[in-house]
**Q** 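Take a look at the following structure, please.
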Amino acid sequence: MTYIVKLMTGILLVSYLSACSTTEKKADQRLADQSVMAVNWMQQSGEYQAIALQTFRFATSAFQQSVDAGVRSPAVIVDLDETMIDNSAYQAWAAQQQAPFTDKTWSQWTHAEQALAIPGAVDFARYVDSHGGTLFYVSNRSVHDREATIANLRVLGFPGITDQTLLLSTSTSNKQARFDTIHAEGFQVVVYVGDNLNDFGAATWHKNNSERRAFVEKNRAKFGTEFFLLPNPSYGDWESGLSNGYSAMRPSEKLHTRLQALRVWKAPQ
Ligand SMILES: [Mg+2]
């Protein structure tokens, strides 16, 4: 009798775990499906192209105004992914394969050196480089992907890529320490360009969306004058900002969190 009970318990447990694993696999697929429209928009819409162009035009004007005002050693800090270079083909692959982001596939993508330039990014970088500015590329790409990243950037025509100006992630995604080394070298950073609020400093690092929105409100005068943001609806810290602990959640919990975060209209009955 005891043996039969144990056997039945074992069968039930295996069935339960198998059902859980199927549920999580389906949730993972749904998470991937949900990025399709964002990637469609970034790859296909003229609207995305126009926003990128207008952002870099305004950033160019802000940089030039600083030069005209006599700022000494003016510098510009730019992020790379979804700021200067377009990795949407990787996001598209992940959506098509219904595969979650992994360090392994991301590294394979970076080593393929197939990122494209964001519209307006190369012209902006060249303008800064040829008008007395120093451009710092501060990215959370891994130092292990450094050579492939340099090769990709050079093929696209980005100027001034050196050991001093390309600052990748060594131990933390918080960029503040790298920004501080630029300041310590005597540069005056007049423009920041990014697709993530964390590209402007430490204030929003590991913060939730309510805190991130408060940062924007507090610094609203800097947006469009010193901080320039490109849209990225396909990924970013705004996603993990949906809830505390989001990154460690199971796929089904992430799906639930995304739905819970919606501000919903109550239709009349
Ligand atoms: Mg980025």
Side-chain angles (χ1 to χ4, degrees), residues 35 38-39 41-43 48-49 51-56 58-59 76-95 100-103 105-107 109-122 124-125 128 135-146 148-150 152-153 156 158 161 165-179 182 189 191-207 209 212 215-216 219 222-223 226-242 246-247:
S35 71
V39 177
W41 185 73
M42 294 174 84
Q43 291 189 334
Y48 175 75
Q49 182 186 7
I51 290 174
L53 289 173
Q54 85 189 15
T55 302
F56 283 114
F58 290 143
V76 168
I77 292 179
V78 296
D79 168 57
L80 285 180
D81 297 318
E82 277 48 70
T83 296
M84 306 304 268
I85 54 177
D86 163 4
N87 303 285
S88 61
Y90 171 78
Q91 303 298 330
W93 170 84
F101 173 92
T102 65
D103 289 339
T105 58
W106 173 253
S107 188
W109 158 256
T110 60
H111 281 262
E113 300 171 18
Q114 288 181 27
L116 304 176
I118 300 288
V122 173
F124 172 69
V128 171
L135 199 74
F136 288 90
Y137 302 89
V138 184
S139 164
N140 282 334
R141 281 190 169 205
S142 163
V143 288
H144 302 299
D145 299 330
R146 185 178 187 86
T149 299
I150 291 172
N152 200 159
L153 289 172
L156 294 172
F158 287 104
I161 302 155
T165 62
L166 178 64
L167 303 175
L168 301 183
S169 174
T170 49
S171 56
T172 175
S173 61
N174 185 340
K175 295 181 170 182
Q176 191 60 53
R178 282 169 279 168
F179 293 173
I182 295 167
V189 181
V191 164
Y192 294 79
V193 192
D195 68 306
N196 188 320
L197 294 175
N198 300 5
D199 296 330
F200 307 132
T204 56
W205 191 66
H206 284 187
K207 293 290 196 290
N209 284 331
R212 294 167 73 81
F215 167 82
V216 175
N219 292 280
K222 292 188 175 182
F223 285 91
E226 182 183 340
F227 297 161
F228 294 86
L229 190 85
L230 288 140
N232 182 359
S234 75
Y235 70 91
D237 286 279
W238 61 266
E239 185 190 346
S240 49
L242 288 172
Y246 181 90
S247 300

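Read the numbers this way: they start at 1 and go in the same order the structure lists the ligands and their atoms.
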**Q** Tell me the protein N, O or S atoms under 2.8 Å from the Mg ion (ligand 1), in chain and number order.
**A** Asp79 OD2, Asp81 O, Asp195 OD1

**Q** Does Glu82 use its side chain to pair, donor to acceptor, with the backbone of Asn87 at less than 3.5 Å?
**A**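 Pair found, side chain donor or acceptor close to backbone of Asn87.
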
**Q** Are any side-chain N or O atoms of Thr204 and backbone N or O atoms of Lys207, one a donor and one an acceptor, separated by less than 3.5 Å?
**A**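 No, Thr204 side chain to Lys207 backbone: no donor-acceptor pair under 3.5 Å.
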
**Q** Would you mind telling me which of Phe223, Phe215, Phe179 makes a ring-ring contact (aromatic ring centres under 6.0 Å, His included) with Phe200?
**A**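 So the option named by the test is Phe223.
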
**Q** Between the side chain of Gln176 and the main-chain N/O of Ala202, is any donor-acceptor distance below 3.5 Å?
**A** yes

**Q** Taking Asp237 first and then Arg212, would you say they form a salt bridge - that is, a charged N and a carboxylate O separated by under 4.0 Å?
**A** no

**Q** For the pair Asn152 (side chain) and Ala115 (backbone), establish whether a donor and an acceptor sit closer than 3.5 Å, ignoring hydrogens and angles.
**A** yes

